[in-house]
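Along the sequence shown, residues carry numbers from 1. Given the structure is predicted, the values throughout are model-derived calculations rather than measurements.
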Amino acid sequence: MSENDALRAFLARCREYDIDVQEARRVLARARTDVQSGRVLELDPYKLAWRRLRCRST
């Protein structure tokens with residue numbers, strides 16, 4: 001999946017679950033930074049961001 005497709009799918013999923021798009025973008029940016037720096041074991045920033053968003057909403 002290309003980067004653009006992954007971003008579209010991520011944001012669509014956020015809208016589906018009524019998660020604020022701006023908040024989703026902030027969490028995704030942080031997840032990308034964490035993945036690139038090696039601070040987390042996750043390799044996919046979208047999965048990491050989704051997990052973090054779901055933890056916040058529960």
Evaluate the side-chain proximity of R39 to T33: yes if any heavy-atom separation is below 4.5 Å, no if none is.
-> yes
Considering residues at least two apart in sequence or located in another chain, which fulfil the side-chain contact (heavy atoms from CB on, under 4.5 Å) criterion with Q22?
-> D20, R25, R26
Sequence neighbours left out, what passes side chain to side chain donor-acceptor pair (under 3.5 Å) with D5? Give chain and number order.
-> S2, R8
Apart from V40 itself, members of its ILVMFWY cluster (side-chain separation under 4.5 Å) are V35, L48
Report the residues that fulfil side chain to side chain donor-acceptor pair (under 3.5 Å) with R32, sequence neighbours left out, ordered by chain and then residue number.
-> E3, Y46
For R30, the salt bridge (Lys or Arg N to Asp or Glu O under 4.0 Å) test, sequence neighbours excluded, returns D34
C14 and side-chain contact (heavy atoms from CB on, under 4.5 Å): which partner among V27, V21, L53, L28?
-> L53
Considering residues at least two apart in sequence or located in another chain, which fulfil the salt bridge (Lys or Arg N to Asp or Glu O under 4.0 Å) criterion with R15?
-> none
Roughly how far, to the nearest 0.5 Å, is CD of E23 from CZ of R52?
-> 12.0 Å
